[in-house]
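Order of appearance sets the numbers: ligands from 1, and atoms from 1 within every ligand. Being a predicted model, the structure only gives us computed values, none of them experimental.
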Amino acid sequence: MTEGTDIVPVVTIDGPSGSGKGTLCQMLARHLGWHLLDSGALYRLVGMAADQRKVSLDNEAEVAALAGNLDVEFIAGEVGEPTKVILDGEDVSTALRSERSGHLASQVAVLPAVRAALLKRQRDFATQPGLVADGRDMGTVVFADAGVKIFLTASAEERAQRRAKQLKAKGESVNLATLLEEIQIRDERDSQREHAPLKPAADAKRIDSSGLGIDEVFQRVLAMVSTHFAVSK
Ligand code: DC
């Protein structure tokens with residue numbers, strides 16, 4: 001049982017990177033006035049911390065100890081802007097969104113002791129008036145009792161295009177084929193891992209966002225949330 005989720009309304013949005021779930025979660029949390037959990041940021045922080053402190057990613061106990069002791073603060077950003085993340089008093093928001101930190105995150109995320117160390121920290125985000133939780137195992141593990149569960153997908157090609165657009169907007173050079181390959185490697189690792197793999201919860205509603213605008217996805221999900229929790233649209 002997930003403690004407290006019968007009292008605090010929780011919406012889980014799971015799916016692969018680039019499916020649009022980050023923006024969707026921000027839009028929902030802002031619209032509803034609810035809290036937001038970007039669980040991927042926690043895995044990215046652990047990956048970065050291990051990298052910075054030269055802890056081998058094979059050393060599960062030490063990486064889990066880092067995960068258990070992260071001194072982190074999240075400051076919500078505007079919609080479309082990433083959440084500001086402060087690690088040990090330092091703003092690591094930009095480094096956190098890099099392809100490298102995503103890659104490190106995906107590697108530490110296979111370690112069961114790391115996932116266990118982050119569990120309580122994630123559940124603590126479920127406070128009134130409600131929570132929108134963004135991740136891979138929000139509906140299957142962390143908030144298994146959530147009232148509304150969404151599994152958001154898009155084709156790997158479309159996700160690579162979206163990522164390329166974001167990187168270009170930041171003035172970074174882009175190789176579409178490399179991006180696509182990285183996305184496919186990460187998808188494979190995230191969905192094939194033994195512990196809490198990326199997969200839809202049995203009671204999740206699947207939405208394929210390929211060819212859909214984010215506003216359309218938002219309206220669909222908001223309608224589900226409003227019906228389930230009787231909140232105004
Ligand atoms: O959502 P993101 O791209 O920031 O996530 C980075 C990595 O973290 C992703 O490749 C898999 C892992 N992750 C996870 O295993 N479980 C979560 N709930 C969120 C992210």
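V72 pairs in a side chain to side chain contact (heavy atoms under 4.5 Å, CB included) with only one of the listed residues (I86, L45, D88), which is L45.
Nearest residue to atom 6 (C) of ligand 1 from E99, M138, R186, Q107 is R186 (criterion: closest heavy atom). Counting heavy atoms only, R115 comes closest to atom 14 (C) of ligand 1 of the residues R115, Q122, R97.
Remark: R115 engages D137 in a salt bridge, criterion side-chain N to carboxylate O under 4.0 Å. A salt bridge links R159 with D187: the distance from a Lys NZ or Arg NE/NH1/NH2 to an Asp or Glu carboxylate oxygen falls below 4.0 Å. The residues E73 and K84 are annotated as not salt-bridged, no charged nitrogen and carboxylate oxygen being separated by less than 4.0 angstrom.
Considering only non-hydrogen protein atoms, atom 20 (C) of ligand 1 sits nearest to G40 CA, 3.5 Å. Atom 1 (O) of ligand 1 has its closest protein heavy atom at R136 NH1, 2.8 Å.
Ligand 1 has no N or O atom lying under 3.5 Å from any N or O atom of Y43, backbone or side chain. The N/O atoms of D134, backbone and side chain alike, include none that comes under 3.5 Å of an N/O atom in ligand 1. Considering backbone and side-chain N/O atoms, S39 comes within less than 3.5 Å of an N/O atom of ligand 1.
Side-chain atoms of S39 and M138, non-hydrogen and from C-beta on, do get closer than 4.5 Å to each other. Residues H35 and V132 form no side-chain contact, since every pair of their non-hydrogen atoms from C-beta on lies 4.5 Å or further apart.
When non-hydrogen atoms are compared, ligand 1 lies under 4.0 Å from neither the backbone nor the side chain of H103.
Atom numbering of ligand 1 starts at 1 in the shown order; those under 4.0 Å from a heavy atom of A105 are 6 (C), 7 (C), 8 (O). Listed by atom number, the atoms of ligand 1 under 4.0 Å from D190 heavy atoms are 9 (C), 10 (O), 11 (C). Atoms of ligand 1 lying under 4.0 Å from any heavy atom of R44, numbered from 1 in the order shown and given with element: 2 (P), 3 (O), 4 (O), 6 (C). Atoms of ligand 1 found under 4.0 Å from any heavy atom of K21 (numbered from 1 in listed order, with element): 1 (O). Using a 4.0 Å cut-off to heavy atoms of A109, the atoms of ligand 1 that qualify are 12 (C), 15 (O).
The hydrophobic cluster containing L167, built from Ile/Leu/Val/Met/Phe/Trp/Tyr side-chain heavy atoms closer than 4.5 Å, also comprises V174, L179.
The environment of CD in Q166 is crowded: more than 12 heavy-atom neighbours from other residues, nucleotides or ligands sit within 6.0 Å.
Rounding to the nearest 0.5 angstrom, the gap separating the CD1 atom in I150 from the NZ atom in K205 is 8.0 Å.
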